[in-house]
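Working notes, structure below.
Bear in mind that the values here come from a model prediction, so they are computed numbers and not experimental data.
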Amino acid sequence: MKQLVSIVSMLFLAACGDEPTWPGQYQLSGQWNLSGPLTDDRTVGDAIADLLVEKIVGASGVPSMFEETVQEIVSDSIRDEIKSLVDENAPAALAPDGDVTRALAASLADVRLESSLELEEGLLPGDLEGTEVVTALEYDHEGTPEHISPGDLFPGAGITMGADWEGEEGDEGELEIDPHGLNIQYGELVARAVSQVVDATGQQELESDVLAAVDCARIVDALLGGQAAFEIGYQEWSVSLSSADLIAACDAARTLIEDRVLGMFALDTRVQVGGLLTYADSDGDGKADTLASAPGFGGILAVAPAPIAPRLSVSFTGTRR
């Protein structure tokens with residue numbers, strides 16, 4: 001009988017050993033493709049359309065439950081008109097095949113991040129919590145690696161670049177990470193990359209040209225199309241925005257453009273990422289010693305409302321510290 005109990009105990013322990021524990025501290029090395037706002041034939045007109053969608057929907061008073069759907073509806077309705085009007089006067093260097101756009105897209109397609117991650121069990125069974133702190137960034141400019149301290153992207157602020165993780169256990173060896181924000185300071189990162197492509201005077205000229213390409217009177221006339229008001233509706237909700245409402249929204253957008261890198265990117269633009277990651281115990285000690293992102297891990301660059309924001313992809317590996 002004792003021998004039977006011993007065998008059962010050994011089998012139980014062996015079964016438990018198949019599923020290593022994952023809480024602990026890890027060092028992550030990741031590759032982030034942050035070129036989305038500069039690829040897929042996106043133009044200055046797209047960036048301005050994104051901003052106008054946000055301002056027009058904000059002025060509409062849409063109920064929060066409909067907001068994301070209405071953002072998509074408005075985007076579909078006005079994007080082509082705005083793109084056409086803005087792009088016909090936008091700087092050639094910022095066109096999809098422009099020198100500045102191509103150089104920035106190449107640099108931002110492969111941004112390397114090093115970070116520390118602490119994973120803990122959550123309050124409920126199967127839940128997880130985590131704290132990530134970015135310790136280093138790197139990208140290439142014309143084949144030469146450019147290193148950045150995360151603190152340098154928060155000049156004088158003393159802010160840590162990091163994120164809080166939440167999620168839950170998935171299938172064996174998997175963790176589902178909820179979408180979470182990371183204050184990566186995308187606009188500041190773009191500004192640094194731009195400074196290696198054009199000098200300060202050239203950058204100011206590009207930003208002035210972008211602002212000049214946004215003619216609110218022409219844009220509003222095009223959106224109204226000879227009608228007295230701009231109609232937005234979804235299910236039982238609807239609103240009519242007057243010419244004055246649209247001018248106010250466009251003027252608010254122009255004010256923001258003045259403070260953006262290349263007129264398009266807010267300095268403190270964040271990213272939102274999440275997805276599936278896997279973990280494994282390679283040395284058989286019962287503790288996961290490696291983490292890795294699964295295909296599809298990624299999210300959005302918050303240069304626009306979430307439903308219309310450019311996508312980003314992330315791949316990373318991690319080792320237990």
With under 30° as parallel and over 60° as perpendicular, where do the rings of Trp165 and Phe297 fit, or are they tilted in between?
-> tilted
NZ/NE/NH1/NH2 to OD/OE distance under 4.0 Å, [X] and [Y]:
X: Asp46; Y: Arg79; value: yes
X: Asp110; Y: Arg112; value: yes
X: Arg320; Y: Asp283; value: no

Would you say [Y] ends up clustered with [X] if hydrophobic residues are merged whenever their side chains have heavy atoms under 4.5 Å apart, either directly or through other cluster members?
X: Ile300; Y: Val273; result: no
X: Phe265; Y: Val100; result: yes
X: Met65; Y: Val74; result: yes
X: Leu277; Y: Val133; result: no
X: Leu312; Y: Leu276; result: no

When Leu51 is tested against each of Ile257, Val303, Ile82 for side chain to side chain contact (heavy atoms under 4.5 Å, CB included), which residue passes?
->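 Result for side chain to side chain contact (heavy atoms under 4.5 Å, CB included) with Leu51: Ile257.
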Do [X] side-chain atoms and [Y] backbone N/O form a donor-acceptor pair below 3.5 Å?
X: Ser107; Y: Leu104; answer: no
X: Ser115; Y: Gly162; answer: no
X: Ser293; Y: Phe316; answer: yes
X: Ser60; Y: Val57; answer: yes
X: Glu138; Y: Glu146; answer: no
X: Ser208; Y: Gln204; answer: yes
X: Ser313; Y: Gly298; answer: no
X: Asp281; Y: Asp285; answer: yes
X: Ser242; Y: Ala229; answer: no
X: Gln185; Y: Leu153; answer: yes

Working to the nearest 0.5 Å, report the span between [atom1] of [X] and [atom2] of [Y].
X: Arg254; Y: Lys55; atom1: CZ; atom2: NZ; answer: 14.5 Å
X: Thr319; Y: Tyr26; atom1: OG1; atom2: OH; answer: 9.5 Å
X: Asp164; Y: Leu182; atom1: CG; atom2: CG; answer: 10.5 Å
X: Ile48; Y: Leu85; atom1: CD1; atom2: CG; answer: 12.0 Å
X: Arg192; Y: Gln196; atom1: CZ; atom2: CD; answer: 9.0 Å
X: Cys216; Y: Asp221; atom1: SG; atom2: CG; answer: 11.0 Å

Can you check salt bridge (Lys or Arg N to Asp or Glu O under 4.0 Å) on Asp40 and Arg311, steps first, answer last?
-> CA-CA 11 Å; Asp40 298 327; Arg311 301 289 302 176; over 6 Å; no
Show the nearest heavy-atom pair for residues [X] and [Y], with the distance to one decimal.
X: His180; Y: Ala163; result: CD2-CB, 3.7 Å
X: Tyr186; Y: Leu34; result: OH-O, 2.7 Å
X: Val134; Y: Pro150; result: O-CG, 3.5 Å
X: Asp245; Y: Ser240; result: OD2-O, 4.2 Å
X: Val111; Y: Leu108; result: CG2-O, 3.7 Å
X: Val261; Y: Leu267; result: CG2-CD2, 3.4 Å

Heavy-atom distance under 4.5 Å between the side chains of [X] and [Y], does that happen here?
X: Leu113; Y: Ile184; result: yes
X: Asn183; Y: Asp268; result: no
X: Val62; Y: Gln71; result: no
X: Leu241; Y: Leu223; result: no
X: Ile148; Y: Leu189; result: yes
X: Val210; Y: Leu262; result: no
X: Gln235; Y: Thr69; result: no
X: Leu291; Y: Leu117; result: yes

Begin from the C-alpha positions of Glu169 and Leu128 and carry the test side-chain contact (heavy atoms from CB on, under 4.5 Å) through to its verdict.
-> CA-CA 7 Å; Glu169 293 178 302; Leu128 69 84; 5.8 Å; no
So, Thr278 and Glu174: side-chain donor and acceptor under 3.5 Å apart, yes or no?
->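 There is no such pair (donor and acceptor under 3.5 Å, judged by atom type) between the side chains of Thr278 and Glu174.
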Ile232 and Trp237: side-chain contact (heavy atoms from CB on, under 4.5 Å), yes or no, with the steps?
-> CA-CA 8 Å; Ile232 310 173; Trp237 174 84; 3.8 Å; yes
With side-chain contact (heavy atoms from CB on, under 4.5 Å) as the test, would you mind laying out the steps for Thr290 and Thr317 before giving the verdict?
-> CA-CA 7 Å; Thr290 60; Thr317 58; over 6 Å; no
Greater than 12 external heavy atoms within 6.0 Å of Gln272's CD = yes
Should we say atom CD of Glu88 is surrounded by more than 12 heavy atoms from elsewhere, each under 6.0 Å from it?
->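 More than 12 within 6.0 Å, yes.
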Working for side-chain contact (heavy atoms from CB on, under 4.5 Å), residues Ser116 and Gln27 | CA-CA 5 Å; Ser116 61; Gln27 184 65 35; 4.3 Å; yes
